[in-house]
Novice: 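Encoded as structure tokens, here's the structure I'll be asking about.
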Protein chains: 2
Amino acid sequence: MDKKTFRFTSTSVNYFFESGISHLKEVVDAKNAIILTDENVFAAHTKKFKNWNTIVLKPGEEYKIQGTVDSVIEQLIEMGADRQTTLIGIGGGVITDLAGYIASIYMRGISFGFIPTTLLSLVDASIGGKNGIDVGVYKNLVGAIKQPAFILQDLQFLNTLPEAEWQNGFAEIIKHACIKDAPMFRQLESHDLNFYIKNKREASSLIRRNVLIKTKVVMQDEFEKGDRKLLNFGHTLGHALENQYELSHGQSISIGMTYASELSRMLIGFKNAEKVPKVLEQYGLPTYALYDKDKVINVLKMDKKKEKDAINFILLEKIGKAVIEKIAIDQLYSTL
Amino acid sequence: MDKKTFRFTSTSVNYFFESGISHLKEVVDAKNAIILTDENVFAAHTKKFKNWNTIVLKPGEEYKIQGTVDSVIEQLIEMGADRQTTLIGIGGGVITDLAGYIASIYMRGISFGFIPTTLLSLVDASIGGKNGIDVGVYKNLVGAIKQPAFILQDLQFLNTLPEAEWQNGFAEIIKHACIKDAPMFRQLESHDLNFYIKNKREASSLIRRNVLIKTKVVMQDEFEKGDRKLLNFGHTLGHALENQYELSHGQSISIGMTYASELSRMLIGFKNAEKVPKVLEQYGLPTYALYDKDKVINVLKMDKKKEKDAINFILLEKIGKAVIEKIAIDQLYSTL
């Protein structure tokens, strides 16, 4: 197995790159492990779950709520889970967020690990220890920051990934390029979604590059006092749209990044504002949406990045370099 | 104010000894603070809450549950609480456990502080950062370990404290004496409950001694890898009884300590097993109870200190010195 250990402020995390789920039994003792997954993943890969204690959830962001947490905790009690148990989330961002959160609070914290099965969870959601659940229209309003013990990658899951999920993942990849990696941005400009779906080697190398970008940012600022905030590029407006308009996460932040790029042009003279929506469209992502300004501003007022009447907004100085700007909510309203 | 700062592994905590709630406004900005308290405390001290945003809960351990967490989170959203907000728990252990837990998960963690109003929360529950809620009969099954920003003491709350609450607190004080402080055990033997209720100066000095005992243990082992486990003396059986038989926390652990002392005599030759129930009785605490052995063992099987088929049990080698012994659940069953 291609194993690398990354040292975060709070703890170390083992990454197993392109290892395959069959290696899971070398990482944890199956007798002391419980898998959390969803019906889609379980139905498409039933054989892989043989001989593992498994809790299967209904799929979808609408189940990333307290009711699901309650039900999983009940099942953990019934299965006799204790402080020696490792909870393993196998799925997309919803499953890894739920698994990480439940493991963070069950018995005041048990060990957990992830096998991300979507492009988005591979390059983003599984990394960095942020977990949580939604409360009404508020995304991740409740949660914790706690690192998994391990992340094991099995790129075979990508073989059954629907195109919409590839688009979802590319939204975060383009985000990484915008805030941290101008050469990768140019590489993305020169290809498109189909190129990566068809070229598994190119996809694999792009995934690893993105895993390392996010990991490096989090290692330097695990508890989001500074640079980690840059990863919220496109997410402020994105989150406000996501649970109100039934957009996917990738679609929402794609619209959010387009808006943030335009705002960057207006406020700090960002010169390549038009390049961001162009590359997003190459990867099948929407860049504009009709929405109710008042509804959106009401959700923005509860954004976790808010400080009283202003929001710490992430803007682009240039491709590959993001900055944090405090913007008054009134001013945002007039630009929406 | 008599302020001391204690450095834990994760963070520093400011203790304000015998400061009085009127000093709270020097510690936090009232505009950015929300108080969590219960109807009993609020009714007895309504004036003290003037000019503070306050959420008032129904009193009692039966409300230390997820339903209460959900309702408080809703109110926090309505009140516009954000990452600059400090949540302040003013009450007994139930309120400080709830406030600490809610602040640990709201927006992935906001700042919080405590004003303990009972003897038990002064000497125990407010210290050390363990928080949580009950799930059915399982005490604190869900929670986190996170330190408050501050603990402010106002011993005036003790003036309205019912006698049963004094007994409750003395259970934890006697526990501290048993595991860490033989001279304090002898001091407790030479007095009784009434002595401390009537002598506020003696009570105050005893409280500070106990605050320092617990603080020292937690500073050395915040995440309970070793010595902090000793604080669970009497709690293993105690917790199994507490939510099944409607005993107070003090009553439950008093019975638990009596049992653990007897077990210490049987298993490791503890010579003063009879002294423990004797001093507990001096402080109005029960030492024996009729209970259903099978029901209790079923709850013990879910104890957080369990490792598969054995429990890490805290025994006494002598008064003032506790040890951890792994005891098989089967063996426990035969001694209950």
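Lettering follows sequence order; numbering is per chain, from 1.
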Novice: Heavy-atom pairs under 4.5 Å with chain A - which of B:G143, B:G132, B:A144, B:S10 has more of them than the others?
Specialist: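 Of B:G143, B:G132, B:A144, B:S10, B:G143 has the most heavy-atom pairs under 4.5 Å with chain A.
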
Novice: If you count heavy-atom pairs within less than 4.5 Å of chain A, which of B:I145, B:I102, B:V142, B:T85 leads?
Specialist: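 Of the candidates given, the most pairs with chain A belong to B:V142.
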
Novice: Measure distances from B:Y101 to the heavy atoms of chain A and classify the residue's part below 4.5 Å as side chain, backbone, both or neither.
Specialist: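 Only the side chain of B:Y101 comes within 4.5 Å of chain A.
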
Novice: Under 4.5 Å between any side-chain heavy atoms of A:M302 and B:M107, yes or no?
Specialist: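 In short, these two side chains touch, coming nearer than 4.5 Å.
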
Novice: What residues of residues 71-84 of chain B make heavy-atom contacts with chain A at a cutoff under 4.5 angstrom?
Specialist: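 Contacts with chain A: B:I73, B:I77, B:G80, B:A81, B:D82, B:R83, B:Q84.
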
Novice: How many angstroms lie between atom CD1 of B:I65 and atom CG of A:D70, to the nearest 0.5 angstrom?
Specialist: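 Answer rounded to 0.5 Å: 10.5 Å.
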
Novice: Report, as yes or no, whether the 6.0 Å neighbourhood of atom NZ on B:K216 holds more than 12 heavy atoms from other residues, nucleotides or ligands.
Specialist: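 Count not over threshold, so no.
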
Novice: So for A:Y138, is it side chain, backbone, both, or neither that comes closer than 4.5 Å to the heavy atoms of chain B?
Specialist: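 The side chain, not the backbone.
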
Novice: Would you mind checking which part of A:S104 comes under 4.5 Å of any heavy atom in chain B, side chain (CB onward), backbone (N, CA, C, O), both or neither?
Specialist: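 Just the backbone, heavy atoms under 4.5 Å.
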
Novice: Can you say whether A:K130 sits under 4.5 Å from chain B via the side chain, the backbone, both, or neither, judging by heavy atoms?
Specialist: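 When you check distances to chain B, atoms from both the backbone and side chain of A:K130 fall under 4.5 Å.
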
Novice: Around A:E62, counting heavy atoms of other residues, nucleotides and ligands shown, do more than 12 lie under 6.0 Å from its CD?
Specialist: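 Enclosed: over 12 neighbouring heavy atoms sit under 6.0 Å from CD of A:E62.
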
Novice: Given 3.5 Å as the limit, does a donor-acceptor pair link the side chain of A:R108 with the main chain of B:N131, or not?
Specialist: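 It does hold such a pair.
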
Novice: Considering only heavy atoms and a distance below 4.5 Å, find which of B:Q66, B:K146, B:K301 pairs most often with chain A.
Specialist: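 With the most close heavy-atom pairs to chain A, the winner is B:Q66.
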
Novice: Just checking A:D309: does its CG atom have more than 12 heavy atoms from other residues, nucleotides or ligands closer to it than 6.0 angstrom?
Specialist: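 Atom CG in A:D309 is not packed in, count stays at 12 or less.
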
